[in-house]
Novice: 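Just dropping this structure here.
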Amino acid sequence: MSALDRNAKIAVIGAGAMGAGIAQVAAQAGHPVLLLDNRPGAAAQAIDGIDRQLGKRVEKGKLAADERGAIVARLHAVEAIETLADCTLIIEAIVENLEVKRGLFKQLEGLCGDDCILASNTSSLSITSIAAGLQRPERLLGLHFFNPAPVMPLVEIVSGLASDPALAQTLFDTARAWGKQPVHTRSTPGFIVNRVARPFYAESLRLLQEGAADCATLDALMREAGGFAMGAFELTDLIGHDVNYAVTCSVFDAYYGDTRFQPSLIQKELVDAGRFGRKSGRGFYDYSEGAQRPQPQQISSDASVDSCVVEGDLGVLNDLLPRLKTSVITRDGKGLLRVGDAVLALSDGRMASQRAKEDGLRNLILIDLAFDYASAKRIAISCSADISTDAREQGIALLQSAGLQVSLLSDTPGLAVLRTVAMLANVAADTVLHDVASAADIDLAMRAGVNYPQGPLAWAERIGLAPITQVLDHLQASYGEERYRPSLLLRRKVAEGSTFHDQP
Ligand code: NAI
């Protein structure tokens with residue numbers, strides 16, 4: 001354990017949303033903290049803001065009044081950069097501009113002691129680039145907090161080409177001592193979270209663009225089937241489309257136009273229209289007073305079903321069986337569920353009509369992925385074009401008997417949750433392949449940074465890496481796009497019969 005001593009003096013430069021939050025975190029951990037901003041009075045104002053916020057926690061009984069006083073007493077607003085000369089760690093959270101950040105660190109290098117660690121909270125600039133030109137680039141690292149810093153547990157410890165691994169470990173241990181969940185990552189565009197999360201937005205945007213379903217239905221599926229805290233449309237409305245679209249564009253450009261990260265014209269149009277989301281009163285949804293939130297689409301059936309047949313192993317879909325209010329007959333087969341004339345199966349990434357034709361099935365209903373079939377409230381399905389009304393009604397009635405709301409999508413490959421999770425795992429696999437971060441750190445980052453119900457690699461393993469790779473192969477074949485090409489590492493793991501968490 002090499003965390004910085006609690007008495008070590010920390011400086012935070014930039015007293016905006018992030019800088020103030022980081023200063024609060026360090027002061028709560030017991031450090032004396034100097035806060036500097038180039039807007040006169042901004043640092044003092046930020047400390048007043050922290051004091052007021054802590055006051056609310058005291059009122060709620062979540063913080064002792066003397067503890068509030070002690071935290072605030074450790075925070076010092078300063079106006080001259082020279083006062084930072086004896087700090088052990090200086091964290092920069094100023095404007096997101098490479099030249100300005102480089103200039104600041106050059107200035108700091110000239111006045112700080114040799115042991116001072118320099119850190120940047122940048123979310124999109126390269127740590128390697130910021131450090132280039134410093135006399136000692138090895139002591140500059142990324143310390144990437146998430147907004148709001150006092151609340152969000154994740155901190156990405158970002159190493160540039162020259163960064164000293166021992167200092168990365170010191171920052172890791174320090175972040176942990178501050179009550180955070182740190183992960184190590186190399187400085188590549190988007191680091192972990194802003195890279196791996198892109199498909200979460202991109203796949204919903206594509207489904208909307210293709211008319212697979214409306215926003216409210218897709219959001220409800222992500223929450224009530226996928227187990228995510230929010231769907232992509234409500235989340236990007238909250239983040240702000242200007243911000244989310246800019247991050248996507250910067251990641252897309254940084255990966256030389258890799259279509260995995262391709263921005264969406266639908267989102268661009270919102271940005272062009274000034275519909276930034278909640279903050280401007282309108283995004284995908286209308287936030288004006290009295291506006292009604294559209295309801296998700298669902299279909300219901302009055303058909304009665306008293307038995308169904310399970311043929312072979314349904315994989316993760318097996319967890320649904322105890323919820324069915326019908327008798328279940330089991331026999332050997334290829335992972336199909338039959339009720340009346342309908343055949344139901346977990347999607348494998350092919351369209352329903354295509355799979356029906358290729359596998360010689362009639363009346364096929366494909367079922368989307370759920371995070372947990374034992375507790376999901378909603379599920380997406382799609383039907384082959386040949387389906388009879390009776391078969392469709394029977395299939396829906398079977399799923400309804402399990403207490404599920406059923407949302408019918410157009411015949412789209414990989415449905416909604418399955419294609420999203422497959423693509424999250426795909427980008428995560430490439431992130432491991434490129435030695436940017438470990439599988440365990442990526443999974444932790446996505447849980448702690450963006451509240452995913454499970455890390456994408458562990459989730460893919462639960463479904464099976466072979467079926468996930470097959471879903472991606474089928475998506476690639478359907479669209480004819482590189483975007484869905486499976487990561488080499490997924491293919492290798494399938495060939496080896498190994499998993500991500502076998503990694504040393
Ligand atoms: P902000 O605009 O709220 O605050 C920036 C502060 O830095 C302002 O108070 C400004 O007066 C001050 N400043 C600008 N140039 C300065 C300089 N040369 N010297 C001293 N102070 C200076 O910005 P925010 O959102 O706090 O972001 C700061 C940094 O954190 C950026 O690098 C951003 O990419 C990163 N970040 C932002 C996140 C967010 O959700 N807002 C999340 C994670 C990282």
Side-chain angles (χ1 to χ4, degrees), residues 14-21 39 42 45-46 48-50 52-53 56 93 95-97 121 123-124 145-152 190 193-194 197-252 261-298 378 405 407 409 416 420 449-452:
M18 293 308 294
R39 271 185 302 128
Q45 265 173 25
D48 286 345
I50 295 169
R52 275 196 306 278
Q53 232 188 309
K56 285 189 196 145
V95 59
E96 188 76 338
N97 176 301
N121 185 50
S123 42
S124 66
F145 287 81
F146 287 71
N147 193 10
V151 177
M152 295 303 288
V193 169
N194 279 335
R198 304 281 31 103
F200 181 77
Y201 314 109
E203 292 310 310
S204 281
L205 284 160
R206 176 167 271 210
L207 288 166
L208 181 70
Q209 187 168 36
E210 293 174 356
D214 55 56
C215 294
T217 304
L218 291 167
D219 275 352
L221 285 167
M222 288 301 149
R223 273 186 274 109
E224 297 171 21
F228 293 95
M230 282 185 166
F233 304 108
E234 52 201 353
L235 180 56
T236 47
D237 268 5
L238 181 67
I239 294 168
H241 292 287
D242 49 341
V243 174
N244 186 262
Y245 179 70
V247 175
T248 302
C249 289
S250 103
V251 171
F252 177 63
F261 304 113
Q262 193 173 55
S264 161
L265 282 175
I266 291 192
Q267 193 175 29
K268 179 178 187 296
E269 196 168 26
L270 287 184
V271 176
D272 289 345
R275 293 188 183 181
F276 297 146
R278 277 177 188 264
K279 63 185 172 189
S280 64
R282 186 141 196 195
F284 284 111
Y285 299 107
D286 184 354
Y287 297 92
S288 57
E289 210 171 315
Q292 297 284 319
R293 182 58 87 86
Q295 293 301 306
Q297 302 291 326
Q298 55 229 17
R378 177 180 299 274
Q405 298 279 12
S407 293
L409 304 191
T420 301
V450 270
N451 286 321
Y452 287 3

Novice: Looking at Asp242 and Lys279, is there a salt bridge between them, counting it only when a charged N and a carboxylate O are closer than 4.0 Å?
Specialist: yes
Novice: So, do Asn147 and Met152 sit near enough that their side-chain heavy atoms are less than 4.5 Å apart?
Specialist: no
Novice: So, taking the atom named CZ in Arg378 and the one named CD in Glu224, what distance separates them when rounded to the nearest 0.5 Å?
Specialist: 4.5 Å
Novice: What pair of heavy atoms forms the shortest contact from Glu96 to Ser123, and how long is it?
Specialist: OE2-N, 3.3 Å
Novice: Give me the atom names and distance for the closest heavy-atom approach of Phe261 to Phe252.
Specialist: O-CB, 3.5 Å
Novice: Dump the intermediate steps for side chain to side chain contact (heavy atoms under 4.5 Å, CB included) on Ser407 and Leu221, then the final yes or no.
Specialist: CA-CA 8 Å; Ser407 293; Leu221 285 167; 4.3 Å; yes
Novice: Counting only heavy atoms from other residues, nucleotides and ligands, does the tally under 6.0 Å from CD of Glu269 exceed 12?
Specialist: no
Novice: Sequence neighbours excluded, which residues qualify as salt bridge (charged side-chain N to carboxylate O under 4.0 Å, His left out) partners of Glu210?
Specialist: none
Novice: What's the verdict on side chain to side chain contact (heavy atoms under 4.5 Å, CB included) for Val193 and Phe146, showing C-alpha distance, side-chain angles and the deciding distance?
Specialist: CA-CA 10 Å; Val193 169; Phe146 287 71; 3.8 Å; yes
Novice: Check Met222 against Ser204 and note the closest heavy-atom contact, atom names and distance.
Specialist: CE-OG, 4.0 Å
Novice: Going by an N to O cut-off under 4.0 Å, is there a salt bridge joining Lys268 and Asp272?
Specialist: yes
Novice: If you measure from CG on Leu218 to CG on Leu409, what distance do you get to the nearest 0.5 Å?
Specialist: 6.5 Å
Novice: Shortest non-hydrogen contact from His241 to Thr236?
Specialist: CE1-OG1, 3.1 Å
Novice: Give, for atom CE of Met18 and atom CZ of Phe145, the distance between the pair rounded to the nearest 0.5 Å.
Specialist: 7.5 Å
Novice: What distance separates Glu234 CD from Asp219 CG, expressed to the nearest 0.5 Å?
Specialist: 4.0 Å
Novice: Using side-chain heavy atoms (C-beta onward) and a distance below 4.5 Å, is Pro294 in contact with Asp214?
Specialist: no
Novice: Within the 4.5 Å heavy-atom criterion, are Phe276 and Val271 side-chain neighbours or not?
Specialist: yes
Novice: Show the numbers, then the answer: is there a ring-ring contact (aromatic ring centres under 6.0 Å, His included) between Tyr285 and Phe233?
Specialist: CA-CA 8 Å; Tyr285 299 107; Phe233 304 108; 7.4 Å; no
Novice: Fit a plane to each ring of Phe200 and Phe228, take the angle between them on a 0 to 90° scale, and name the class: parallel (under 30°), tilted (30 to 60°) or perpendicular (over 60°).
Specialist: tilted
Novice: With a 3.5 Å distance limit and no angle check, can you tell me whether Ser264 reaches the backbone of Leu205 through a side-chain donor-acceptor pair?
Specialist: no
Novice: If you measure from OG1 on Thr217 to CD on Gln298, what distance do you get to the nearest 0.5 Å?
Specialist: 8.0 Å
Novice: What are the two closest heavy atoms between Thr420 and Pro199, and how far apart are they?
Specialist: CG2-O, 4.2 Å
Novice: Let me confirm one number: the CZ-CD1 distance from Arg278 to Ile239, rounded to the nearest 0.5 Å.
Specialist: 11.5 Å
Novice: Only counting residues at least two apart or in another chain, list the ones meeting salt bridge (charged side-chain N to carboxylate O under 4.0 Å, His left out) with Arg275.
Specialist: none
Novice: Which heavy atom of Pro263 sits nearest a heavy atom of Tyr245, and at what distance?
Specialist: CB-CE1, 3.7 Å
Novice: Just do the side chain to side chain donor-acceptor pair (under 3.5 Å) check on Arg198 and Thr248 with the steps written out, would you?
Specialist: CA-CA 7 Å; Arg198 304 281 31 103; Thr248 302; 3.2 Å; yes
